K.L.:
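My questions will all concern the structure given below.
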Amino acid sequence: MTNLIYLDNNATTKVDEKVLDAMLPYFKDEYANPSSMYDFARGSSNALKEARGKMKDFFNAQNEKEILFTSCGSESANTAIRGVLNMNKNKKHIITTKVEHPCVLNLCQTLQKQGYRVDYIGVNSNGELDLEELKNAVCDDTAIVAIMHANNETGVLFPIEKIVDIVKTKNPHTKVFVDAVQTAGKVPIDVQAMNVDLLGISGHKFHAPKGVGALYVNSKTLITPLIVGGHQERGLRAGTENVPYIAGLAKAAELAVDNLNYEVHEVKRLRDKLESSILKTVFNARLNTGVANRVPNTTNIGFEYIEGELILLHLSDIGICASSGSACTSGSLEPSHVLRAMNVPFTSIHGSIRFSLSKFTTEKEIDYVIEKLPGIIDKITMLSPYQDELNALRKLKA
Ligand code: PLP
């Protein structure tokens with residue numbers, strides 16, 4: 001598609017050409033099963049070894065054995081949570097948050113049906129975690145705390161080091177799993193500094209392909225496998241390793257480290273330019289996260305008294321891809337569980353849009369969105385049934 005402006009990088013990202021190049025030899029030439037004994041398999045088994053080393057560096061893990069390759073972020077989370085629970089059968093309490101990705105929330109709901117007790121910790125109106133509630137929830141029975149590093153809808157970062165400290169002070173045996181799917185490539189990840197037990201990522205969120213992820217498991221943390229079969233991944237994840245994708249993931253991780261400075265400064269500058277311009281020029285725009293500490297690429301803006309889906313359709317008509325905070329379930333518009341947990345006012349929860357940038361986003365693209373968006377919002381606002389409320393807001397902002 002020509003003239004595409006892709007601002008939905010928290011949903012998925014474009015595969016980097018260099019990642020693709022790193023993958024191709026393992027489709028075309030070095031296609032052997034890495035477990036095979038003959039010389040021909042050395043290319044793929046070396047690639048696997050090398051990739052594990054690169055991921056160890058990416059996480060700042062202590063050794064390669066702490067790295068498991070998976071198929072995605074959801075598998076990493078399921079392996080971590082179920083794996084820890086299976087090794088701690090006498091413990092029946094889990095702590096997570098109200099704003100987790102469905103791969104954690106839906107698993108926790110399934111586990112509740114199987115007899116586990118789950119506490120869902122809340123957030124404030126900026127999307128920041130209630131650390132006091134977390135502290136009060138940890139008890140002797142808590143097997144695992146599953147918590148995200150950054151939220152996929154708002155980009156809000158949780159203070160992992162502080163969280164681990166709170167959890168371990170109350171119960172040193174409780175394991176902490178961090179869902180770092182939205183932070184890989186956006187902020188540094190250091191499992192030793194964070195002092196976490198398990199941490200999961202997904203390749204397609206930082207320019208590797210869909211279908212590959214990784215899970216860091218601290219060498220002192222025991223888990224059971226989710227997928228049982230062959231002895232691959234030290235018996236913790238059966239299935240012939242996806243060597244081309246794993247090579248791609250490792251390349252993406254290497255590139256992400258090299259690009260971190262650009263992400264933190266330049267991607268953030270473009271995000272801030274887009275955000276501040278919208279807030280300045282659109283009278284019914286409201287930043288949903290307020291002052292919270294966020295990843296550099298994400299902004300979530302509520303447009304009061306209008307529907308997000310309508311905004312997305314108008315943006316799509318001119319080639320701009322973004323995402324709405326709402327999910328359409330069974331014909332009714334269900335507002336996002338994340339924005340609901342933040343108590344985003346009903347006036348803007350349905351009109352909330354997430355823009356998520358990447359290293360491929362250009363200034364020209366951001367300028368185009370800045371030029372076009374106010375007109376689109378104006379047009380939709382004129383059709384809103386809430387004209388009295390909008391006029392009052394207009395006066396207030398004038
Ligand atoms: N965790 C978070 C925070 C996410 O944003 C996502 C995907 O959107 C996932 C987990 C799931 O990742 P995957 O699609 O690789 O299973």
Side-chain angles (χ1 to χ4, degrees), residues 6-15 19 55 68-82 96-110 120-121 123 127-129 144-158 160 163 176-187 189 194 196 198-216 226-227 237 239 242 245-246 248-249 252-253 256 289 292-300 321-327 336-339 341-342 352 354-358:
Y6 186 73
L7 298 179
D8 199 16
N9 288 280
N10 286 8
T12 197
T13 58
K14 176 179 171 174
V15 173
V19 169
M55 294 315 294
L68 283 191
F69 290 111
T70 65
S71 67
C72 60
S74 302
E75 187 191 325
S76 297
N78 275 259
T79 303
I81 297 169
R82 284 195 188 276
T96 188
T97 81
K98 288 186 176 162
V99 296
E100 293 303 304
H101 186 270
C103 70
V104 170
L105 280 183
N106 289 343
L107 172 60
C108 285
Q109 276 158 24
T110 303
Y120 299 89
I121 308 300
V123 293
E128 295 157 321
L129 198 68
I144 190 163
V145 174
I147 211 142
M148 58 197 347
H149 193 187
N151 185 270
N152 44 308
E153 290 188 31
T154 61
V156 172
L157 281 158
F158 286 162
I160 299 300
I163 287 166
V176 178
F177 162 67
V178 171
D179 173 357
V181 165
Q182 288 296 344
T183 45
K186 296 173 189 163
V187 297
I189 291 179
M194 286 170 160
V196 296
L198 308 107
L199 181 142
I201 60 162
S202 176
H204 73 104
K205 306 290 184 177
F206 64 109
H207 308 293
K210 294 156 196 65
V212 66
L215 175 65
Y216 158 80
L226 192 66
I227 302 172
R237 203 269 184 180
N242 189 347
Y245 279 52
I246 289 170
L249 179 75
T289 46
N293 191 17
R294 288 174 291 162
V295 285
N297 79 320
T298 309
T299 182
N300 191 310
C321 305
S323 135
S324 99
S326 313
S336 130
H337 70 285
V338 176
L339 301 184
M342 290 164 65
S352 289
R354 175 187 72 188
F355 298 97
S356 48
L357 288 65
S358 83

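One-based numbering, in listed order, for ligands and for the atoms of each. Bear in mind that the values here come from a model prediction, so they are computed numbers and not experimental data.
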K.L.:
Roughly how far, to the nearest 0.5 Å, is the CG atom of Asn300 from the CZ atom of Arg294?
P.N.:
9.0 Å

K.L.:
Mind checking what makes side-chain contact (heavy atoms from CB on, under 4.5 Å) contact with Val123, not counting sequence neighbours?
P.N.:
Val99, Leu129, Phe158, Ala341, Met342

K.L.:
Have Lys210 and Thr12 got a donor and an acceptor in their side chains that come within less than 3.5 Å?
P.N.:
yes

K.L.:
Ile81 and Ile144: which non-hydrogen atoms are nearest, and at how many Å?
P.N.:
CA-CD1, 4.0 Å

K.L.:
So, does Asn10 use its side chain to make a donor-acceptor pair with the main chain of Ser356 at under 3.5 Å?
P.N.:
no

K.L.:
Kindly print each ligand 1 N/O atom paired with any protein N/O atom under 3.5 angstrom away, one pair per line, or none if nothing qualifies.
P.N.:
from     : atom 1 : to     : atom 2 : distance (Å)
ligand 1 : 1 (N)  : Asp179 : OD1    : 3.3
ligand 1 : 1 (N)  : Asp179 : OD2    : 2.6
ligand 1 : 5 (O)  : Gln182 : NE2    : 2.8
ligand 1 : 8 (O)  : His101 : NE2    : 3.4
ligand 1 : 8 (O)  : Lys205 : NZ     : 2.5
ligand 1 : 14 (O) : His204 : NE2    : 3.2
ligand 1 : 15 (O) : Gly73  : N      : 2.9
ligand 1 : 15 (O) : Ser202 : OG     : 2.6
ligand 1 : 15 (O) : His204 : NE2    : 3.3
ligand 1 : 16 (O) : Gly73  : N      : 3.4
ligand 1 : 16 (O) : Ser74  : N      : 2.9
ligand 1 : 16 (O) : Ser74  : OG     : 2.6

K.L.:
With no hydrogens and no angle check, is any side-chain donor or acceptor of Arg354 less than 3.5 Å from a backbone partner on Asn152?
P.N.:
yes

